[in-house]
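These figures come from a predicted structure and were not determined experimentally.
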Amino acid sequence: MKKHIIFLILIPILLVITIGLDAYAGGQNRAGTAAAPELTIPIGGRYIAMGGAPVAFATGVEAIYWNPAGLDITDRSANAIFSYRSFIADISVNYLAVSGKFDFGTVGLSLRNFAIGDIAVTTELAPDGTGEIFSPTFFVLGLSYSKQLADRISVGMNINYINEGFARVNASGVSFDFGVQYRDLVGIKGLSTGVV
């Protein structure tokens, strides 16, 4: 009986959160005008192929990107992953993450770096280039924490330090991700949900 009450309370809360997030998401008319687009570039080939499904069941060190709640769901005391991805326009995405399991939960550290390469400076008077070159730098350093509260419920959070540098302009910021995973909903094995 207690499980059904928790389920009946949890579903309306998740629906309200989901509907509220869509209301404030903004439209495509502002695409390209926001900062830190590198936070939306997915990591890990296996989970990229699954679309948005990993939010509900990503586990281990790969869960740092998809849903930090899954970080604590692992049999190993330490995990690591390194990923290299060739992105559009010769941009490469490098990702490194490590995690360690402790008595109080699992702690993870991640680093994402975007190598854009050298770009020639052009002006109206020198459309072929002035001879100057600049190299944009984008990186995200993240600290994660996850705790499995029960055999089917886990929570987690990420704190990301974001740094972007472009020619003579540099910007830094902080972002937060909070996540919940609930596995085997109402006793049905394999039916899971997640919210980030």
Side-chain angles (χ1 to χ4, degrees), residues 1-26 36-85 87 93 95-112 140-160 162 175-196:
M1 181 67 178
K2 199 176 201 181
K3 294 178 187 178
H4 294 292
I5 291 173
I6 292 173
F7 180 71
L8 291 174
I9 292 171
L10 187 63
I11 293 299
I13 291 172
L14 293 176
L15 288 173
V16 168
I17 290 171
T18 304
I19 292 168
L21 291 176
D22 286 343
Y24 297 105
E38 61 270 16
L39 292 175
T40 62
I41 298 173
I43 303 296
R46 174 175 60 166
Y47 289 138
I48 290 173
M50 296 180 188
V55 169
F57 65 85
T59 60
V61 74
E62 291 176 301
I64 290 175
Y65 174 81
W66 296 99
N67 188 343
L71 179 61
D72 195 38
I73 305 167
T74 183
D75 296 334
R76 298 181 181 150
S77 59
N79 288 303
I81 185 175
F82 176 76
S83 172
Y84 169 82
R85 179 178 176 193
F87 201 55
V93 180
Y95 180 72
L96 171 68
V98 294
S99 68
K101 195 167 192 166
F102 302 98
D103 293 336
F104 56 87
T106 301
V107 177
L109 184 65
S110 62
L111 175 66
R112 271 181 271 178
V140 179
L141 181 64
L143 180 64
S144 305
Y145 173 75
S146 178
K147 178 70 176 165
Q148 192 168 351
L149 301 177
D151 60 337
R152 297 187 291 182
I153 300 171
S154 59
V155 296
M157 70 173 289
N158 287 335
I159 300 172
N160 293 313
I162 306 157
S175 72
F176 299 93
D177 299 331
F178 299 97
V180 176
Q181 283 184 344
Y182 189 86
R183 289 166 299 287
D184 302 334
L185 279 167
V186 293
I188 301 173
K189 186 155 180 68
L191 180 61
S192 302
T193 188
V195 177
V196 179

Can you say whether the rings of F57 and Y47 are parallel (under 30°), tilted (30 to 60°) or perpendicular (over 60°)?
perpendicular

Of all the heavy-atom pairs spanning Y95 and S110, show the shortest one and how long it is.
OH-CB, 3.9 Å

Just wondering, do E62 and S83 contact through their side chains at under 4.5 Å, heavy atoms?
no

So, do D151 and D184 sit near enough that their side-chain heavy atoms are less than 4.5 Å apart?
no

Atom pair CZ/OG of F102 and S77 - distance to nearest 0.5 Å:
9.0 Å

Quick one: closest heavy-atom pair of T106 and K101, and the distance?
OG1-CG, 3.5 Å

Identify the two heavy atoms, one from V98 and one from A80, that lie closest to each other, and give their separation to 0.1 Å.
CG1-CB, 3.8 Å

The single option from V196, I73, T193, I153 that satisfies side-chain contact (heavy atoms from CB on, under 4.5 Å) with Q181 is I73

Indicate the atoms forming the closest heavy-atom contact of L71 with S146, along with that distance.
CB-CB, 3.6 Å

Please tell me if the side chains of R112 and I41 come closer than 4.5 Å, counting only heavy atoms from C-beta onward.
no

What one should report as the nearest heavy-atom pair of S154 and G70 is OG-N, 4.4 Å

From the list I159, N160, L111, side-chain contact (heavy atoms from CB on, under 4.5 Å) with L141 holds only for L111

Are any non-hydrogen side-chain atoms of M50 and W66 less than 4.5 angstrom apart?
no

Looking at side-chain heavy atoms only, is the closest gap between D72 and V155 below 4.5 Å?
no

Of all the heavy-atom pairs spanning V55 and N67, show the shortest one and how long it is.
O-ND2, 2.8 Å

Between OH of Y84 and CG of L96, what distance do you get to the nearest 0.5 Å?
15.5 Å

Determine whether I64 and N158 make a side-chain contact, defined as any pair of heavy atoms from C-beta on separated by less than 4.5 Å.
yes

